[in-house]
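Working notes, structure below.
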Amino acid sequence: MMDKHYSPADIETRLYEEWEASKLFVPRSDGMPYCIMLPPPNVTGNLHMGHAFQHTLMDVLIRYNTMKQKSVLWQSGIDHAGIATQIVVERQLLHKGIKRHDLGREKFIEQVWQWKELSGDSITRQMRRLGTSIDWSDQRFTLDDGFSKAVLTAFSRLHTDGLIYRGQRMVNWDPLLGTAISDLEVISAEEDGILWYFRYPLADNSDHLTVATTRPETMLGDTAVAVHPDDQRYRHLVGKQVALPLTSRTIPIIADEQVDSSFGTGCVKITPAHDFNDYKMGQRHNLPCINIMNADATMNAAVPEEFRDMDRLQAREAVCAALKARGLLEKQHKHRSNIPRGERSKAIIEPRLTKQWFVRATKLAAAAIEAVENDMIRIVPQQWKKVYCNWLHNVEDWCISRQLWWGHQIPAWYDPHGKIYVGLSEEDVRQRYGIQTPLQQDSDVLDTWFSSSLWTFATLGWPTDTPLRKKFHPTDVLVTGFDILFFWVARMVMMSIHLTGEIPFRSVYVTGLVRDEFGQKMAKSKGNVLDPLDLIDGITAEDLVNKRTADTMQDHHAQKITARTRQQFPQGITAYGTDALRFTFCSLSSIGRDIKFDIGRIEGYHHFCNKLWNAARYVLGTVDAPSVSKVVKAQVLADRWIVSQSNKLLGEIERALASYRFDFYAQSLYEFIWHQYCDWYLECAKVKEGHPSILVNTLRVVLKLLHPVMPFISEEIWRRVKPVKDSDYLLHQPFPSPAPECRDEHAEKEFAWLQKLVTTIRELRATFGISPRTALTVYIRSSDNEQLGTKLSEHSTLIASLATLSSISIGEDARQQVVATGIAGDTEVWIPLKDVIDRDSESARLHKLIHQLDKKIANLNGQLTNPQFTARAPQEVVEDIRQRLASAQNDHSRFISQLKIISDL
RNA sequence: AGGCGCGUAGCUCAGUUGGUUUAGAGCACCACCUUGACAUGGUGGGGGGCGUUGGUUCAAAUCCAAUCGCGCCUACCA
């Protein structure tokens, strides 16, 4: 016997453990290949709403295709996340008072591995709670031997092909982490600052220029002052020299188009070693680069002694003070400008001239653009196609070296003369180039995204030509967020095409971001994070508040978060269960929009689970389901109708999933289960208007259709209603396909008539305030009473039951009585109401209906009297409007005559 | 500055190539109903004319233009 209420906690963990133990997720060997590569979560990561959302969609596709009897591989794995991981472990060591450099590289890396073994797969445990059908016995890690081999091979091959080079270039430098980062890892945002105006005297002391700057400390590295060539104010000064204050240097005044005369004074100080634009300008004008900072952004020996070793911000104050003391500070005012910060460290990024390794993305981009432009790779939704192509058109070379320890060490070796050799290993290099001299390996590691860009094929054994790769590459679809379209997707396409000659995937489904109820990004710092596991298991208000304020140091901030959380979740969060969460994600996943996560939705779908549960409970209370093996051919109307409807549903679902419309998929199921199967079919079945085998079978079909999105509840019910001989696992069941011959338009039409009739009677009952328990006598008629009589004789029992009637019959005479009247399609309905009727309210009601019809008739008439319309619109549209007009006019006259009867009383 | 996206019921969103409803769903709301699948329920109901203004068309929430508001991305003014 099933419980009265569905309780997800009782079944989810138990079922998942069973699935995993039975190796249910190991790919079957036969069938068409279907493959999705899981975007590898960060090894430091915790499961957040974004994962839960994307993993749900992927799992729907995976389970669906598994049931379609394909040979399905969902390759999972974990990303070593260089910077993030190193930060975590460094912080832990720091708690013990140990610094990374005290340990040394080798020991430190050992520590990281230890940490990885301990806590690195906490996210995979969380993923299991989502019901993901991943084969956990076969995972990849980007630092594993096999994968590493792929990384080294890729590097080496790209180098040979001239697509990787080492060069002195201006890069984004994170002074806190002491490493270069790529331009994508820099986040610029407006911050309050100050704009200072400094006087630079001319070398001959005849005059001075005033420059404006937000970064005074860099003036120590200035090598020019630039003005716009057309700027009349300064034209005469171009070519002269300026005595750079605080230093003994003189620097030229140059003219360059880049200068914006309208900003500040129109004079720009140029510091080629510390600014991207200045660097370019320096190259154009052959200016020297003077590096004034150390790697940690303290001032180096190139600056006057008084400023040395100062941090840049300290130096800023000191420089300002020194200039002020010399009377060279003209003025200063508040100024907002964009400050670049490191994505991970949040430190202000310094442009820095260093030697780094680069991928010539500019060269690789063309093929990657083409693949998407000609739809070899289909991006869904299409709007992202433009974004993708646009970025690649303007792509810059990609800085891939990082001054870190955790990651793939760059396979490049230097001989004592500094000559570079690239290979797979030192032995490989020695052999390949015949080297005897000592070799020193490059100490840098590769950007984590470099290894990630090989994900689709490196996981399948590349560079070895494995059967696995032959079978599953190119993969079928990549599901990922737009936020890593450039970081990852574009780079994967470039790498895959160049290295394997194949596209990495046939489609990309780009998801939006899961946001909070105000559309804000969820962030720990904002205290608005929802944990998917809390939605599944529930959480008390107290615990939620504690969780959200745990990382907050400031009191007022914590109070704000607390207040907000208590207001939104006064009772905490109910345990909605995984299935409800997954269903919510699907139904919210409409194309290309961010998701404002609405707690009301998941609550609704939790109720939906309960509805389904209870429907099954009813079925099991009526039929010995497991013994039902043969399904009879539908005879009675309700059966024919539900069979036809469920067939329609199959078509809708196939279309929805083929076009990645997970919202349509979810909505179709919801509508069918609740509003067709439960609301109507079960009610018919209660009065024996449905055959038990169809009752059971329809439920079975629904469970199969539901399984990809709601794996737990579907399976739990399945075990109770399945034919005895069938597998316990829905994943082993074939996914039902539409069978056009099961459509029964006649039954659909007739059932629609019946529904309309029942609804009309209920409507009248409600309007006149008649108790739902009072059985009514009802009369009906239509223009074809003979046909009506046939229908009535077949369905009167059913109608009487659905509408609570004591009798229903065809009766012309009833018109003259005091009645409530309604129209159901071509059928008029009267309910005699001797004592109940309120003349005024009935008359008012009829007036309202008539008024509505007036409007409708006027509207339709307007169209038909327009000769343009009848001439140019398709005939079927015109004909349709004609019929609608006729029917409206018919209804109209019926109501008018009814109104007359009422008012004559 | 450039690009993209979005503005449809109180809220969250559908509306597929313009034409079968008076523009739909869920949640919320109102009324009635504790009838043996489900009150996590049932029945019925109210509520918007699709940001604004023009245009194309026989016909526009749907196509075009302008405009307002919001969001995001890219590049930036030192």
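Just so you know, these numbers come straight off a predicted model, no measurement behind them. For the numbers below, each heavy atom of this structure counts, side chains included, while hydrogens, waters and symmetry mates do not. All chains are named by letter (A, B, ...) in the order of the sequence lines, taking the proteins before the strands, and each is independently numbered beginning at 1.
B:U67 and B:C73 are spaced 24 Å apart, taking the P atom of each and rounding to whole Å. Taking atom C1' on both nucleotides, B:G46 is separated from B:U20 by 26 Å, rounded to a whole Å. Between B:C11 and B:U17, the two P atoms lie 28 Å apart (nearest whole Å). Across the P atoms, B:C72 and B:C29 are found 32 Å apart, a figure rounded to whole Å. Using C1' as the reference atom, B:U16 and B:U22 are 23 Å apart when rounded to the nearest Å. Taking atom P in both B:C13 and B:C6, the straight-line distance is 13 Å, to the nearest Å. Across B:U53 and B:U8, the matching P atoms stand 16 Å from one another, rounded to whole Å. For the P atoms, the distance linking B:U34 with B:A39 amounts to 14 Å, nearest Å.
If you check B:A78, B:A37, B:G26 against the side chain of A:Val259, the one that comes closest is B:A78. Among the nucleotides B:A14, B:G19, B:A39, the one closest to the side chain of A:Gln667 is B:A14. Of all nucleotides listed (B:G19, B:G15, B:G45), B:G19 comes nearest to the side chain of A:Val877. Which of B:G15, B:U20, B:A37 sits closest to the side chain of A:Leu682 comes down to B:A37. Checking B:C77, B:A37, B:U12 against the side-chain heavy atoms of A:Leu588 singles out B:U12 as nearest. Listed nucleotides: B:A78, B:U43, B:G5. Nearest to the side chain of A:Asp679: B:U43. With B:U22, B:G19, B:C32 as the choices, the nucleotide that has an atom nearest any side-chain atom of A:Pro772 turns out to be B:C32.
Between A:Asp397 and A:Thr362, the side chains place a donor N or O and an acceptor N or O closer than 3.5 Å (distance only, hydrogens not considered). Side chain to side chain, A:Tyr665 and A:Arg661 fail the donor-acceptor criterion of an N or O pair below 3.5 Å. With no hydrogens or angles considered, no side-chain donor-acceptor pair links A:Thr760 and A:Glu763 at under 3.5 Å. Side chains of A:Lys269 and A:Thr218: a donor-acceptor N/O pair is present below 3.5 angstrom, by distance only. Side chain to side chain, A:Tyr279 and A:His274 fail the donor-acceptor criterion of an N or O pair below 3.5 Å. In this structure, a donor-acceptor pair under 3.5 Å is present between the side chains of A:Asp256 and A:His285.
The residue A:Tyr6 sits apart from the nucleic acid: no heavy atom pair falls under 4.0 Å. Using a 4.0 Å heavy-atom cutoff across all strands shown, A:Thr759 reaches sugar-phosphate atoms only and no base atom. Note on A:Asp260: a base of the nucleic acid sits closer than 4.0 angstrom, heavy atoms only. Residue A:His393 is classed as having no contact, given no heavy-atom separation below 4.0 Å to the nucleic acid. At the heavy-atom level, A:Arg655 lies nowhere under 4.0 Å from the strands shown. No contact: A:Ile270 has no heavy atom under 4.0 Å from any strand. Nucleic acid contact class of A:His274 (heavy atoms, under 4.0 Å, all strands): none. Using a 4.0 Å heavy-atom cutoff across all strands shown, A:Val268 reaches at least one base atom of the nucleic acid. Using a 4.0 Å heavy-atom criterion, one finds that A:Pro874 contacts the bases of the nucleic acid, with or without backbone contacts as well. Across all strands shown, A:Arg601 has heavy atoms under 4.0 Å from base atoms, whether or not it also approaches the sugar-phosphate. A:Cys609 comes within 4.0 angstrom of no nucleic acid atom, judged by non-hydrogen atoms across all strands. Within the 4.0 angstrom heavy-atom criterion, no nucleotide atom of any strand lies near A:Asp275.
Remark: A:Trp674 is in phosphate contact with B:G42, judged by side-chain N or O atoms under 4.0 Å from OP1 or OP2. A sub-4.0 Å separation between OP1 or OP2 of B:G15 and a side-chain N or O of A:Arg661 is present. Look at A:Arg762 and you won't find any side-chain N or O under 4.0 angstrom from OP1 or OP2 of B:C32. An OP1 or OP2 oxygen of B:G41 is reached within less than 4.0 angstrom by a side-chain nitrogen or oxygen of A:His607. Note on A:Lys596: a side-chain N or O is less than 4.0 Å away from OP1 or OP2 of B:U12. Proximity of A:Asn614 to the phosphate of B:G41: no side-chain N or O atom is located under 4.0 Å from OP1 or OP2.
On a pure distance criterion of 3.5 Å, a polar donor-acceptor pair joins the side chain of A:Lys686 and the base of B:A37. Side-chain atoms of A:Arg773 and base atoms of B:U35 include no donor and acceptor less than 3.5 Å apart. Below the 3.5 angstrom threshold, one finds no donor paired with an acceptor across the side chain of A:Lys386 and the base of B:C4.
The cationic atom of A:Lys611 (NZ for Lys, CZ for Arg) does not lie both less than 6.0 Å from the six-membered ring centre of A:Tyr677 and within 45° of the ring axis.
For B:G49, the base is syn relative to its sugar; the glycosidic angle is within 90° of 0.
When each of A:Glu683 and A:Tyr605 is assigned the nucleotide of RNA chain B with its nearest heavy atom, A:Tyr605 is the one assigned upstream, toward the 5' end.
Searching all strands for a Watson-Crick or G-U wobble partner of B:U17 with both distances below 3.5 Å returns nothing. With a cut-off of 3.5 Å on both pairing distances, the Watson-Crick or G-U wobble partner of B:A31 is B:U43. Across all strands shown, B:A78 remains unpaired; no Watson-Crick or G-U wobble contact has both distances below 3.5 Å. Look at B:G2: its Watson-Crick or wobble partner, with both distances under 3.5 angstrom, is B:C73. In this structure B:C38 sits in no base pair that meets the Watson-Crick or G-U test at under 3.5 Å.
Atoms CD1 and OG1, from A:Ile254 and A:Thr223 in turn, are 7.5 Å apart once rounded to the nearest 0.5 Å.
Under the rule for a salt bridge (charged side-chain N to carboxylate O under 4.0 Å, His left out), the partners of A:Glu879 that lie at least two apart in sequence or sit in another chain are A:Arg882.
Stacking of A:His5 onto the six-membered ring of B:U40 is present: less than 5.5 angstrom between centres, less than 30° between planes.
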